[in-house]
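Here is the structure we will look at.
So that the names make sense, note that chain A is the first sequence line, chain B the second, and so on, each numbered from 1.
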Amino acid sequence: MIALAARELRHGGRQHLSSLLVAMITSVFATLMIEMDQVLRVQSIGGQFIKHGYVVALLDVLDLLFFFIAVFVASIVTANTFGIIMAGRAKHIALLRLLGASATTLRGAIAIEGAVVGLVGSLVGLALGLLVTQVAYGALVSSGTFVDAPIDTLSPLLVAPVVVGLLSTTGAAWYGSRRILNVSPIEATGVSQEPVAQAIAEMPKRLRTFVIVLFAGGIVMLVGGVALGLKSPLGLLLAAPGGALSFVGFVLGSGYFIPRLLKAAGRLTGRSTPSVLASANALRYPARSARSTIGLVIGVTLVTMFTVAGQSFLALSGPVASSAEPADAAGDQAFLRLTMGILAVLIGFSLVIAAIGLVNSLSLSVIQRRREIGLLRALGFTKKQVRAMILAESIHLTVVGGATGLILGIFYGWAGVLAAIASDHHIGGFFWPTIPAWIIVSIVAGAIVLAAVSSAVPARSAVRVSPIRALAVD
Amino acid sequence: MSEPAPTVAARGTGVSKIYGTGDSATTALDSIDLEIHGGTLTAIMGPSGSGKSTLMHVFAGLDSATSGTVTIGDTDITHLDDNALTLLRRRSLGFVFQAFNLVPTLSVLGNVTLPFELDGRRPSAGDLAWIRELLARLGIGMLETRRPHELSGGQQQRVAIARALAMRPQLIFADEPTGNLDSRSSREVLGLLRDLTREYAQTVVLVTHDPVAASHADRVVFIADGRVAHDVGASSPQELSDIILSLEVDA
């Protein structure tokens, strides 16, 4: 098992690059989080930067929450990557099965590969995170923002990022490699046909019921919470879990929602052949496309939610503030801005991980479609049309991820802030959300950049596919 | 009784293909002169590694010759760039491969109309009528909306033949089109290919190592060691086998 894993790592190490990167970024995040906690403690005792202990406690809770979200997104991305790698190795796996390797052994070997990738990535991330802390702390002290108090960099807590990285990557590799169990040794013996294209994934009935209950129940709780929130601030206590439940429902049901959205997005790029093929292709493996997109949805939803909630609050807190002490009001607004800044950075980690996942699944899907691309080239697809096809597929995925996240984020942010403050007598009930233009512009711009970047590498390797590729029988 | 002079659908003059340089150079094609006559089914046969596949790649503009010239109809394709070659393939050539002929995400009709749509035009009513006639003639008229994975191997090859004929190309290349089929489907597909060649005056180049397949052809060209070794008219599988065996023994 170990020998198998070692051989794959030695010869096929490059396919794990993205998983390594994802494990690394997650670990950098965790390390920074732990270090930031240390720094804030030292500074709030020794300095006068943050006076209230509750601020540190609040940030701790948010840190932890967003770390779990980052780990969750990272696990989805890594599981997806391993799933695609398995599809590419099917023939090789079939040969090993033919020679007598059991599926369990092979799956164990993949889990070991995952463990090695997770361990190495987390350790590199840990080192990088410590380095960034030292440099940033030094800079903040010398600029006078922080008092010069020594910090204890090496906390025993730092074991956590490595352990979490190791476990989540191993688990994701194990989960992503479940396809091995379906690889028949017969596949090694003949010219295997193109794998059968899946229809839109049917969920097991029990899961579907669960998802519907979560989603619909969550929405009912959320709306109820908002209605209650118009009268009492306690509405948030109902709305918040409702929002969380409905979002979990959406994420679990993404295999159902996302392919339908992708189908609709397919019409955006027109009826040209490259666009039609790209759309069909995004729907070929609905579960895979859903997993590639859901990370993006989660990241964009969170960013938009906090921005809309925060900005709506800022816009409305004017009348509230006029009744309070001006100094306190200014302090509250500054604190809110600081919190939103930190949140943006925290969520940024999840977004980066999601973006890597998208780039990766697009490139691997091109690698697996070499023969099909060769066929298209032989039939008269120009290089430009091939490039257009890959770009269109990338646009479909990013548009669905970005637009869904934007809409959900606005909805949740608005609902949250309504439930929280609408009952305040200065605000007096219902209000429309404040949606800053910059959040929409930056998400749209981000999506355009992501679509272009994530299609660049796969498109380059796709146009290099020679039409002779379609004639080769291997 | 005066037969019309045979037109030349494709011509190669002094075509050579050398892979690698220096000591590791391998000559796949050694100065081949070959004319493919219009409206005929020509089989290219040869043992493995004889260069028959390379010959087809070069004639179809999929690979470039090291020296010599290749013309398709009146077009010299030797110095065309990738884009021009792609357009040539799209408009003037048809292909039938051994396997993976069809785009899995498109229906049968979608696959057959693909060359039109790649050209940025909807198939006209006339085109569609022609395509439907072809599908009916090939016995797959009722499968229009099926996906490739729902078809048998023989049905998939018929769809590929329909696609190759749909644009009425100047030349169709069929590379081991029956390599994946059982002998009955194989016989049917080859019979259709030959009949359609006659009925619609199409030119087909069939690359195969199978004497039974090649026995459907009007002419059989044998390639060995990158040269034309034999060039015979329609022959029985037995006669073709004997020639192949003699080539293998000589090698």
Side-chain angles (χ1 to χ4, degrees), chain A residues 190-200 259 262-263 266 270-286 289 365 368-389 392-393 463-474, chain B residues 53-54 56-58 60-63 81-107 110-122 147-153 156 160 163-164 166-167 169 173-176 179-180 207:
Chain A
V191 182
S192 64
Q193 286 290 325
E194 185 84 347
V196 174
Q198 288 168 278
I200 284 188
L262 280 173
K263 204 167 186 173
R271 300 289 312 161
S272 70
T273 311
S275 160
V276 170
L277 285 177
S279 172
N281 197 59
L283 289 165
R284 187 187 305 189
Y285 302 104
S289 305
S365 102
Q368 278 170 30
R369 267 188 296 150
R370 274 173 191 282
R371 183 189 288 274
E372 192 181 319
I373 292 168
L375 170 67
L376 291 171
R377 293 278 289 124
L379 294 179
F381 239 60
T382 57
K383 287 187 175 180
K384 214 168 130 194
Q385 284 173 312
V386 170
R387 222 176 267 128
M389 179 176 75
E393 192 179 340
V463 296
R464 258 193 250 128
V465 175
S466 149
I468 296 178
R469 180 74 207 182
L471 291 88
V473 174
D474 56 13
Chain B
S53 292
T54 310
M56 175 191 150
H57 295 165
V58 171
L62 296 169
D63 204 348
D81 65 7
D82 184 78
N83 246 341
L85 281 174
T86 305
L87 291 182
L88 175 88
R89 285 200 297 274
R90 185 192 290 174
R91 292 175 186 156
S92 312
L93 300 179
F95 291 94
V96 182
F97 305 128
Q98 175 170 353
F100 303 102
N101 262 300
L102 308 178
V103 179
T105 48
L106 294 178
S107 68
N111 267 287
V112 177
T113 53
L114 189 60
F116 294 92
E117 272 148 23
L118 284 177
D119 228 11
R121 61 191 166 103
R122 309 251 107 190
R147 291 294 174 88
H149 65 90
E150 298 168 319
L151 306 180
S152 72
Q156 292 187 20
R163 182 184 55 206
M167 282 285 244
F173 289 97
D175 186 15
E176 303 279 7
N180 267 356
V207 177

Contact part of B:Leu118 toward chain A, heavy-atom cut-off under 4.5 Å: side chain, backbone, both or neither? both
Report yes if some heavy atom in the side chain of A:Val276 is under 4.5 Å from a heavy atom in the side chain of B:Glu117; otherwise report no. no
Hey, what do you get for OG1 (B:Thr86) to CD (A:Gln385), rounding to the nearest 0.5 Å? 8.5 Å
For A:Ser272, which atoms come within 4.5 Å of any heavy atom of chain B: side chain, backbone, both, or neither? neither
Can you name the residues that form a salt bridge (charged side-chain N to carboxylate O under 4.0 Å, His left out) with A:Arg377, not counting sequence neighbours? B:Asp82
Tell me which of these, B:Asn101, B:Leu87, B:Leu114, B:Leu106, has more heavy-atom pairs under 4.5 Å with chain A than the rest. B:Asn101
Would you say A:Lys383 and B:Asn83 make side-chain contact, with heavy atoms under 4.5 Å? no
Please classify the contact of B:Arg91 with chain A as side chain, backbone, both or neither, using a heavy-atom distance under 4.5 Å. neither
Going by side-chain contact (heavy atoms from CB on, under 4.5 Å), name the residues that satisfy it together with B:Ser92, two or more places apart in sequence or in a different chain. B:Leu88, B:Gln170
Do A:Leu379 and B:Pro115 have side chains that get closer than 4.5 Å, going by heavy atoms? no
At their closest point, which heavy atom of A:Ala378 faces which heavy atom of B:Phe97, and how far apart are they? CB-CZ, 3.8 Å
Spatial distance of atom CG (A:Leu376) from atom CZ (B:Arg90) [nearest 0.5 Å]: 11.0 Å
